K.L.:
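Dropping the structure in here first, questions after.
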Amino acid sequence: MPTTPAPATDLGPDPVPPAAADLAEKRSTVRALLRLWPYVRPVRARLGTAAVIAILASCVGLVIPLVLKWMVDGPVADGDPAGVWLGAGYLLLLGVAEALLFGLRRWLVARPLAGVEAGMRADLYRHLQRLPVAFHDRWASGQLLSRGTTDLMLLRMFLAFPLTFLLVNGVTILVGVGIMLVQDWTLGLVVLGPAVPVMITCGIFEKKYSAVARRAQDQVGDLTTVVEESVLGIRIIKGFGRHRSQARAFHELSHTLRGTELRKARLLAAIWAVIVTLPEVAIGAALVVGSVQVADGALSAGTLVAFLSTALALRWPVESIGFLLAMSQEAATATDRYFEVMDAQVESAGGAGDRTPVPESGGRGPASRGAARAVQAPGEARLPAATDGLRFENVRFRYPDAAPGSPPLLADVDLHIRSGESMALVGATGSGKTTLTALVPRLHEVTGGRITLDGEDITALSREELRAMVAVAFEEPTLFSATVGENVLMGAAEDAGAAELDRALAVAQADFAHALPEGTGTQVGEQGLSLSGGQRQRLALARAVVGRPRFLVLDDPLSALDVHTEAAVEAALRQVLADTTALIVAHRPSTVLLADRVALLSEGRIAAVGTHHELLRTSPEYARLMSGLAGAGDDEDLQEGDGR
Ligand SMILES: Nc1ncnc2c1ncn2[C@@H]1O[C@H](COP(=O)(O)OP(=O)(O)OP(=O)(O)O)[C@@H](O)[C@H]1O
Ligand SMILES: [Mg+2]
């Protein structure tokens, strides 16, 4: 089901302040839109020129009534056909000039604005890549998708139209009103009558529309999430015959969105009605008053014609204000939504003391410990570097969104995997094994304690260094829409070639890749769903070993393999593990036997460490875990293991 969109204030570790809603209401459209300036700056010259051209075009349009006045009072009154033709010629010229100028404006802004949109989209994507896993855990993907698509499109449209035309129309209205007042100030005042009520309506409209626009955009995000989930989960939906309930969920959401869109339409209709009706009434009144004045001889017919055509020429600039304001509101919301993501803290590049600790209720103060560690140079590690292996020291961890007051998931993990040693990590399901492995490549930050690689605190390493040292393969093998080779070589240095690829495929027993229609150049479908689970797992394993990492972290990497393939992968892995320091999460005794020693994770601690046989003897919990699993079909493995 869709998650409700996370408001900006919900992103930090702080709870949502109660005043958040008020703040959101008080936020100013202009201030929101001003944040676009850094992106607009590079194209400001073009936009400025375009605005000037548009103002010019509008003013050219306003000259037309003056020519009309000259025609009516001059050639028409005098019965001079040549003069009328001349006037018509002028009008044609003015019309063509206006059209050309507007065309030029369009041409001027189209390319730079497409560039602004592309730039913002690229920034968003880059930022999303750098945001911590915890952020992605919390945000629904549809919300991010809709920000990268709909919202950015709204912003481009705002920059193309309302930004220019609110200015252009404002100037046009001012000049037009000036002209009308000069023609005849009493008529001018009659036409200006509705200005105040129109402005008040615009103010009310803006506030109401802003809230609805935000709601609509968030709902589009929810809808996108549902579509995305049901496309990705189509196998489950079909397998369980859930398409009806899924369709119902979708229908409900789209019905809600429809309601919100209708509310937007109603608001627009209301402002449109006021903005159109009041000026029309005023023009009608001016027509009556003007006709009376012409009849009395107080006003020339030409002046009345000029006055009325100026008033009519101002109709569009006035009427379009409703639309323009609506688009501006949507753009302001889109800007807010865009920067909610852009303002989220990215992972630091690395280096000592840069960790942003997640507040922890009770226990040791992670912040002060972190600060103390920051001054400790890597050389101060207890063992000489390069022989120390992978160490967990008093590691504490709780998920940022864990229930307040709940005990940390990892309370006090102390574990030392010696250099070149492979350690299996065993524990009940949900005990935090996956979480512990994710701490090593810093997908999550420890909330206390530290992890060292060859004596160096992982927070003192840059992300690049860290990720070059550590390779990972997770329970869920993730593949991308790319070729098999590209998927595997993701784990290697840029210059890695076919030799490395073949070696890694051999280690992971993924030679099936060579037999694919186009060998390692075969495209795997989205998420690798065109491959079997075991095939995907082996490719993910190949990706983990291809870069010959010094540290290997494998989260139950062999779970989807048949007994024979598993045995083959194990044989090959044993060679890799011989000179790699490895932490391998294992559920099956056969996987455990790959490792030199086993650690048992229980209740947030390492409860026991030893060889498989030692633990079977000394730890009842370990024996229970292993025998329970053996009972599920791994008897042979266990007995085989016991025999070794
Ligand atoms: N992103 C997350 N946010 C909050 N809590 C989480 C998150 N991921 C996992 N948890 C919680 O942390 C606990 C440990 O999860 P973890 O995936 O580490 O278990 P595990 O030992 O790997 O289990 P399994 O053997 O089933 O793979 C679970 O109770 C889970 O609910
Ligand atoms: Mg797990």
Side-chain angles (χ1 to χ4, degrees), residues 3-4 6 10-13 15 128 131-141 143-144 225 229 344 347 357-361 392 395-413 415 423-449 451 472-478 533 536-537 540-541 544 552-561 582-592 595 598-608 619 621-622 624-634:
T3 50
T4 39
D10 200 17
L11 298 182
L128 283 176
L131 280 168
V133 175
F135 173 90
H136 289 280
D137 282 351
R138 227 167 314 154
W139 277 69
S141 52
Q143 289 293 350
L144 301 176
T225 306
E229 271 183 351
E347 294 174 324
V358 182
E360 195 184 24
S361 56
F392 294 83
V395 167
R396 277 170 90 80
F397 180 77
R398 57 182 289 139
Y399 280 102
D401 52 351
S406 62
L409 179 61
L410 301 175
D412 202 353
V413 172
L415 185 61
M423 175 83 77
L425 184 66
V426 173
T429 174
S431 55
K433 303 180 294 297
T434 298
T435 310
L436 188 66
T437 54
L439 294 179
V440 182
R442 284 181 76 188
L443 298 184
H444 294 291
E445 300 288 349
V446 297
T447 34
I451 300 174
V472 287
F474 293 107
E475 281 168 304
E476 274 303 313
T478 304
R536 265 181 285 154
Q537 237 177 17
L541 190 60
L552 196 56
V553 176
L554 304 177
D555 190 357
D556 203 14
L558 311 177
S559 62
L561 304 186
L583 179 64
I584 308 167
V585 173
H587 282 110
R588 305 202 270 187
S590 52
T591 321
V592 171
V598 192
L600 173 66
L601 182 64
S602 172
E603 291 172 359
R605 286 186 173 72
I606 298 295
S619 166
E621 183 178 356
Y622 182 76
R624 199 172 55 246
L625 271 174
M626 284 295 127
S627 63
L629 290 163
D634 278 336

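On a predicted model such as this, the values are computed, not experimentally measured, just so you know. Each ligand, and each atom within it, is numbered from 1 in the order the structure gives.
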K.L.:
If you have a sec, work out which protein heavy atom is nearest atom 12 (O) of ligand 1 and how many Å separate them, to one decimal?
P.N.:
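So the nearest neighbour among protein heavy atoms is Leu409 CD2, 3.3 Å.
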K.L.:
For the atom pair CZ (Phe474) and CG (Leu443), what is the distance rounded to the nearest 0.5 Å?
P.N.:
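Rounded to the nearest 0.5 Å, the CZ-CG separation comes to 5.0 Å.
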K.L.:
Could you check atom 26 (O) of ligand 1 against the protein and tell me its nearest heavy-atom contact, residue, atom and distance included?
P.N.:
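Checking every protein heavy atom, the shortest distance to atom 26 (O) of ligand 1 gives Thr429 OG1, 2.5 Å.
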K.L.:
Using a 4.0 Å cut-off to any heavy atom of Asp401, which atoms of ligand 1 qualify?
P.N.:
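Near Asp401, meaning under 4.0 Å from one of its heavy atoms, ligand 1 has 3 (N), 4 (C).
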K.L.:
Determine whether a donor-acceptor pair (N or O, by modelled atom type, separation under 3.5 Å) exists between the side chain of Arg138 and the backbone of Pro400.
P.N.:
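Not confirmed, Arg138 side chain does not pair with Pro400 backbone.
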K.L.:
For ligand 1, is there an N or O atom under 3.5 Å from any N or O atom of Gly432?
P.N.:
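Looking only at distances, the answer is yes, because the N/O contact criterion of under 3.5 Å is met.
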K.L.:
Applying a heavy-atom cut-off of 4.0 Å, say which part of Asp555 lies close to ligand 1: side chain, backbone, both or neither.
P.N.:
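Neither part.
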K.L.:
Atom 25 (O) of ligand 1: which protein heavy atom is closest, and how many Å away?
P.N.:
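Nearest neighbour among protein heavy atoms for atom 25 (O) of ligand 1, to 0.1 Å: Lys433 NZ, 2.7 Å.
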K.L.:
Determine whether Leu436 and Leu410 satisfy the following criterion, side-chain contact (heavy atoms from CB on, under 4.5 Å), listing intermediate values before the conclusion.
P.N.:
CA-CA 8 Å; Leu436 188 66; Leu410 301 175; 3.5 Å; yes
K.L.:
Would you say Thr434 reaches the Mg ion (ligand 2) with an N/O/S atom under 2.8 Å?
P.N.:
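An N, O or S atom of Thr434 is closer than 2.8 Å to the Mg ion (ligand 2), so yes.
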K.L.:
With atoms numbered from 1 as shown, which atoms in ligand 1 lie under 4.0 angstrom from a non-hydrogen atom of His587?
P.N.:
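Atoms satisfying the 4.0 Å criterion: 25 (O).
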K.L.:
Is a donor on one side and an acceptor on the other found under 3.5 Å between the side chain of Arg588 and the backbone of Met626?
P.N.:
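The answer is no, because no donor-acceptor pair under 3.5 Å joins these two groups.
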K.L.:
Assess Ser431 for proximity to ligand 1: is some non-hydrogen atom of it under 4.0 Å away?
P.N.:
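It does; at least one heavy atom falls under 4.0 Å.
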K.L.:
When you look for heavy atoms under 4.0 Å from ligand 1, do you find them on the side chain of Asp137, its backbone, both, or neither?
P.N.:
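For Asp137, only side-chain atoms sit under 4.0 Å from ligand 1.
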K.L.:
Tell me which protein heavy atom sits closest to atom 17 (O) of ligand 1, plus the residue, atom name and distance to 0.1 Å.
P.N.:
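For atom 17 (O) of ligand 1, the nearest protein heavy atom is Thr434 CB, 3.5 Å.
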K.L.:
From atom 14 (C) of ligand 1, work out which of Ala134, Gly430, Ser406 has a heavy atom at the shortest distance.
P.N.:
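Looking at heavy atoms only, Gly430 sits closest to atom 14 (C) of ligand 1.
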K.L.:
Tyr399 vs His444 aromatic rings, parallel, tilted or perpendicular, using cut-offs 30° and 60°?
P.N.:
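The rings of Tyr399 and His444 stand perpendicular, inter-plane angle above 60°.
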K.L.:
Are Ile584 and Thr591 close enough that some pair of their side-chain heavy atoms sits under 4.5 Å apart?
P.N.:
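Ile584 reaches Thr591 side chain to side chain.
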K.L.:
Identify, for atom 10 (N) of ligand 1, the protein heavy atom at the shortest distance, and state residue, atom and that distance.
P.N.:
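Atom 10 (N) of ligand 1 sits closest to the protein heavy atom Tyr399 CE1, 3.3 Å.
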K.L.:
What protein heavy atom sits nearest atom 27 (O) of ligand 1, and how far away is it?
P.N.:
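The answer is Glu475 OE2, 2.6 Å.
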K.L.:
How far is atom 15 (O) of ligand 1 from its nearest protein heavy atom, and which residue and atom is that?
P.N.:
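Scanning the protein heavy atoms, the shortest distance from atom 15 (O) of ligand 1 goes to Thr435 OG1, 3.7 Å.
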K.L.:
Verify, without hydrogens or angle tests, whether Lys433 (side chain) and Gly427 (backbone) share a donor-acceptor contact under 3.5 angstrom.
P.N.:
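A pair under 3.5 Å: yes.
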K.L.:
With heavy atoms under 4.0 Å as the rule, classify the contact between Val585 and ligand 1 as side chain, backbone, both or neither.
P.N.:
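Near ligand 1, Val585 shows nothing, with every heavy atom at 4.0 Å or more.
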K.L.:
Do any N or O atoms from the side chain of Ser602 and from the backbone of Ala607 form a donor-acceptor pair under 3.5 angstrom?
P.N.:
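The answer is no, because no donor-acceptor pair under 3.5 Å joins these two groups.
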K.L.:
Working to the nearest 0.5 Å, report the span between CG of Leu415 and CG of Leu601.
P.N.:
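Answer rounded to 0.5 Å: 9.0 Å.
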K.L.:
Check whether any side-chain N or O of His587 sits under 3.5 Å from a backbone N or O of Thr429 as a donor-acceptor pair, and report yes or no.
P.N.:
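Not at all, since once roles are kept as given, no pair shorter than 3.5 Å links the two residues.
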